[in-house]
Structures are given as structure tokens and as C-alpha cells.
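All values below come from the heavy atoms of this structure, side chains included, with hydrogens, waters and symmetry mates left out. Per chain, numbering begins at 1; letters A, B, ... match sequence-line order.
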2 protein chains.
Amino acid sequence: MTPLPGSGTDPRPVSAMSRHRATMRDVAALAGVSLKTVSRVVNREPGVSATLVQRVEAAAAELDFRPNLGARSLRRADGKTATIGLVLQDLANPFSAALHRAVEDIARARGVAVLSGSVDETADRERELVTAFSSRRVDGLIIMPTGEDHGYLMLERRAGVAMVFVDRAPARLEADVVLADNEQGARDGVAHLIAHGHRRIAFLGDRSWIATEEQRYEGFLAAMAEAGLTVEPELVIKDLDTMDAADAAVVRLLGLPDPPTAIFAAQNLVTIGALRALRDAGMQHQVALVGFDDFELADLLQPAVTVVAQDPQEIGHRTAELLFARLDGDDSPWRVEVIATRLIERGSGELPPLRTPHLA
Amino acid sequence: MTPLPGSGTDPRPVSAMSRHRATMRDVAALAGVSLKTVSRVVNREPGVSATLVQRVEAAAAELDFRPNLGARSLRRADGKTATIGLVLQDLANPFSAALHRAVEDIARARGVAVLSGSVDETADRERELVTAFSSRRVDGLIIMPTGEDHGYLMLERRAGVAMVFVDRAPARLEADVVLADNEQGARDGVAHLIAHGHRRIAFLGDRSWIATEEQRYEGFLAAMAEAGLTVEPELVIKDLDTMDAADAAVVRLLGLPDPPTAIFAAQNLVTIGALRALRDAGMQHQVALVGFDDFELADLLQPAVTVVAQDPQEIGHRTAELLFARLDGDDSPWRVEVIATRLIERGSGELPPLRTPHLA
DNA sequence: TTGAAAGCGCTAACAA
DNA sequence: TTGTTAGCGCTTTCAA
């Protein structure tokens, strides 16, 4: 038996050892068995005598053997890499980060690793990421989609890659989706403002081609219609793609001859931008506000902020579970799973309408 | 030339096509060239005639060829997978999430994908994650370390895996590290409170075995010593591992016969827990507070919260750049890069000391 | 229960 | 400029 690099019988000092990673061959040689026996032990296949199992395991430990999953998936019949890809809009966004963590927890329990990346609402980057993951032969994809045509994913699907969409439905592609009940959530939030006496309610939205935004706007319209209220075009401001844009929009609203008495902010960052504007104008106790999506410290502000909360953890768990069900062979028809939202009353949404000067 | 699955000449409907991914062999056959020529074109090696380049590219596009990076790295001399592993404490934590995004941006520019995972301050999970990444043959590792012995990473290093630590230095291992200037930052924050007249300053810290916590505590001690102030043991509370624990600690402090006039909160969640307790006690305008690490909405609270801000984006960029420098062959001695912190005065840290009843 | 041989998709080394 | 052959580390298939 020849001494192997890294083995205890290797007389060279650690620093002089070659950059060698032990392979199954090395382990087999040290244990005095065949390659296939090592493979059997490593994969816990039955039918190896206890003696050999022990000898192989000792040799593997001795050499710090780490099976090469790339080589394994290359050879295996199912080609599985035990890796999935997660395409998010922005890893640093709290909603995406919470979702990411939830997916990780489910994946980890199955020994699956997660590749992830940010798309920043750019269809090209979504394709780039999918390609990058695809070249690494991920078993499945979880995608928060951007853009108007996801037909390109048919290729991946045909190649046997499982996929589930999250937060938004894909365009032109039938597929599994897990999303929050955006329309109902927005409807609840706006109805809450109406119930507190508001009639002039402003709608502030993110980029309107994002499906969730569209659905939240629909919810706003539905709640207004249900109450027999007309929607004033001057109070609907969309395409607010930054906090500052939302801030500026609220400044504009407050300067109207007949300003809104309440604001429905349809997204995270839009809500925060609106909060800043109200605070800077000293109007945070005069104008009611309900935001879509909860955020840290909403309860510590004055007034505390009433929100329609999504449950990113639940959404992430359900998404990952659906993906793994597909990987396990579930071939039932495409499913759309809708996760309920929850209205959290904290104060800002319960402010009464302010009588505006010219109405007084 | 036989029709290949997925090719335009394949008469079968899409739904009936086999789950086949085109390989270089398929592309070679369709283009009527050898395997090696396809390899050359795919890898943009020089010395292929324009005609063949075009023919190969057309065939590759036709078949939706995606090179298998796993197979490539298996065969290549350098064994590179164009994938790195990122070990964080918690993907959902805003600091970790911002760092993650910064690393992603640098990696993406180089065509490198990022595997990531959460450790939750558990040494075992750190090892598990490193093993999982190692089995997938990542080229490099970025680790936010936990635990008291990182000697086990010598194996990875010996196998040629580059590694850089972030946020904290590893234990018992010489290695590259990028971290915030925790001691100086804490010192600045506490000195700021002292400059505003405070003498009885409480220190609230996270789990004390975390290196950053230790350093921040050292900074606290240094600032106190520099001002000739004695540290009251009853005002030092460590090992606050949740927001609620921090909240409870502040409740306890406020109930002391001689409560502190100022609080230095050495970590993110600790700061928020302290804020809640002060607000619930109605003392947020009476007790000064400086927190370590900035957070969204700190400027919107009343009073707005003075913090020692880290720069997670800068930290992430520098870390990734250092890792890639190592992967590019930089073999200079281990480096410790310290990123400066910045004191942001917003109000809570500038409150004057409250005269306590028994001193009045 | 164990092992030998072939080959997954790709690139290195060499040949034409 | 293009192609042939071998083999990366592993699992499959088949034989002993």
C-alpha cells in the first residue's frame, strides 16, 4: 500500500503536501478494497460487510475524503446535483431575504444547497441568472419573475428542471405559483380606511407592470367601487420606483387644493417614502396611512403604522415544499397557492379624516 | 446527419421529446465538426476558422446547448467551478443580507455564482455548510465565523480553496479578514455620550463569545477609562441573544435605585429591544441611547436614533475583491482589512443626562 | 458480498 | 486549423 498524500503514513510535513484532494480511488487503495466498495459505503448502499464498512470509513476519515458531487451527478442516472437556484429581485430587500431564509431551511433539511441571485426587475438579468444556474445543472428553480414572457423557460422544463414561481405569476407560461393574496389584501386595507370615514384616498404604487402592483391596484379599485366612491385620477400615482419618488409624490399630494385624507401605499419602500414625506410636513398625525407589506419598527413609529402584512416565511416554505414535491415526482396539474394577508392595526390607519380648510 | 432531440429537424412534437439536454457531441454532430472544435468555440479559444465558429454557434443555438460546468471543472486542470460559498449567520438579517448582495455583485461581474447559507451562531452548522460547499467544489469561501476553532479549515485551504473571513476574525487560524472597526466604533459612540455629560452609562451586548461583541465591549471600557469613569457592574448586561432579552434588560435597568442616564447598545437587535423598552416606559426622551449598527427608519423614530454605522456594502465588496485577488494568484501575506465606522447623530444620543430623583 | 470495465460531458495533450 | 485519444471522479452494469 503506497502512502497517499494527506495520509498519516505520509512522511512529508503538512506544508509540503500537494494540493491533492482524496478521491475514492485513494480511499479504496488505503482501505485495500475496490473503488466500487467505497462507492457503496459512501452512498450507504446495503450489502457490504461490517468489516469493510468500517475499514472504508476509517480510510475516508483518515484522508478527509469529500465526495465530488459534480462527478457524481455527471454519472448518476438521475443527474441530480442536490442544488437548486433561487432567483430573487434583490437579496438585500427584507421581503426577499426572509423568503430566501425560509427556502434555505426547507432545502437544508434535504441536504440541498441553494444558489441565489438578484435580478433588479430586469428581464435580461433574469435570463442570465437562469442560464448560470442551468449551466450548473440545478435540480430546480424558484423564480420571482420579471418581464413579459417566460416562454424561454420551456427549455429548462423540458430538460427536466423543476420550477416554481413565487410572489408573482409568470407571463405566458403555465406553472406552479405561490403568492400572497395581493388583491384581497389591498382591498382590506382600503376598506379599512373607508370604514374610518375616508373618502379621498390616494393610491401610491410601484412600477405598474409588476404583477403584484397591478393586483394591489385592482384591490384598491374594488374597495372604492364597493363603497360607491369615485377614484380621483389626481390621487392615483404609480411607477414610484424609489423611496425618494414616493416621498416626492406625497409632497405633491399634500400641496393639492383638495389633498387626500388618507394614503394607501402599495409597497414596502413606497410606504417608507410616504412616511418620510408626512413626517417632514408634520402631517403624520393628520393624514391616515395604510401600507402593503409589514416592516421592522412599524410599531415604534408615531403613529405606529397600520399595514397589510404578507407572510414571507410561509410563502417561502410553501414554495420550497412545492418544488421538492415536484422533484419527488408529484405530477399533478399546475397549482396556484394563495397565501392570505393580514391587516395589522397600529394607529396610522385609524386616524379620522382631517377636515380640509375649504370644506370647513 | 441524424436528427437530434430538440433540433428543428426532429419531427416529434415538443411534448414527446425526450428529456435530453444537448451535449457538445450533439452540437458537434449537427455542425459536422469534431468535439474539440465545439469546445474551442464555446471557450472562445483562438484558432478556429470563422466559418466553423459560425456553424458551431448556429448548431449550439439550435440545440439550446448549455455547457455543463460540472463536467468542465472535473476535467480542467485548475478544477475551477466558477462558484463560491458564502457562510453567513442569518440570511434574513439586514446586515448579512446587505453583505450578501455586495458579494453577489462582485461575483456576478466575474461570472461566478454564489452558494449561501445560515449558521445561526452554531459551530456545527458552520462545519456542515462548509462541507456541503466543499463537496460541490467551490473555488472559494467567504465565512462569517462562529466558534472557537477554525483549524478544521486547514483541510480546505490545503485542497486549494481560497477563503476570506468577514465581520469577525476566525479562531486559531491565520487568514484574510475584513471587518468593521468595532472597538473604535464603540469607543466613539460611548465617548459621544460622555461628551454630552453622561456618567452612568449602561452597556448592553449580544452573546459575549462573539468576537465583535467582545471588541465593542473593549471599546466601551476604553472610552470609560479615558474619561476617568468607573464601570458599574450593575450597568453591564451581556449575552442578550434576542430582542426580548434586551427589552427585559432595559426594564431591569430602569428599575434600579440609581438608573443609567444613557445606554450603549452594542448590536442591532439589542438596540431595537432597548428602544421598545424605553418607549413602553415612556422614557425614550429621558434616557440617551446610542446603538451599534444602523437600521432602516432609525431617522423616523422619535427621538431619531443615533448610531455607530457599519458599511455592509463596503465590507462585502472588499471581502469579495480580496477573495478574487487570492483566486487570481495573489499570495501576499494574510491581511486584516479594517473598515471604519461612522457616528450618525440623530437625537437619541444627544439627550442630556436626566437628573435622577435621589440626586435632585 | 465484492470487483472490473465502461462511460457521464468535458478539456488536456498531442497528432495530423 | 482541425481532430484523436485519454481521463477527470464517480456510478452503472455486469460478472465473479
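Of the N and O atoms on the side chains of B/D330 and B/S332, at least one donor lies less than 3.5 Å from an acceptor on the other residue. In this model, no donor atom of one side chain and acceptor atom of the other lie less than 3.5 Å apart for B/R21 and B/N68. Looking only at atom types and distance, the side chain of A/T81 has no donor-acceptor partner in the side chain of A/R137 under 3.5 Å away. In this structure, a donor-acceptor pair under 3.5 Å is absent between the side chains of B/S96 and B/Q89.
Using a 4.0 Å cut-off between a side-chain N of Lys or Arg and a carboxylate O of Asp or Glu, A/E148 and A/R168 do not qualify as a salt bridge. Salt-bridge annotation for A/R318 and A/D176: absent, with no side-chain N of the basic residue lying under 4.0 Å from a carboxylate O of the acidic one. In this structure, B/E321 does not pair ionically with B/R110, as no charged nitrogen and carboxylate oxygen lie closer than 4.0 Å. A/E62 has no carboxylate O lying under 4.0 Å from a charged side-chain N of A/R55, or vice versa, which leaves the two without a salt bridge.
Note on B/L69: nothing from the nucleic acid sits closer than 4.0 angstrom, heavy atoms only.
Contacts between residues 34-46 of chain B and DNA chain D, counted as heavy-atom distances below 4.0 Å, involve B/S34, B/K36, B/T37, B/R40.
At least one side-chain nitrogen or oxygen of A/S49 sits closer than 4.0 Å to the OP1 or OP2 atom of C/dT2.
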Close N/O contacts between protein and nucleotides 7-9 of chain D (under 3.5 Å):
from  : atom 1 : to    : atom 2 : distance (Å)
D/dG7 : N2     : B/R75 : NE     : 2.1
D/dG7 : N3     : B/R75 : NE     : 2.7
D/dC8 : O2     : B/R75 : N      : 3.4
D/dG9 : N2     : A/A71 : O      : 3.4

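Geometrically, A/R157 engages A/W334 in a cation-pi contact defined by less than 6.0 Å to the ring centre and at most 45° from the axis.
Note on the helix from C/dT1-D/dA16 to C/dA16-D/dT1: angle between the axes of the first and last five pairs equals 40°, rounded to 10 degrees.
Using cut-offs of 30° and 60° on the angle between ring planes, the pair B/F165 and B/H150 is perpendicular.
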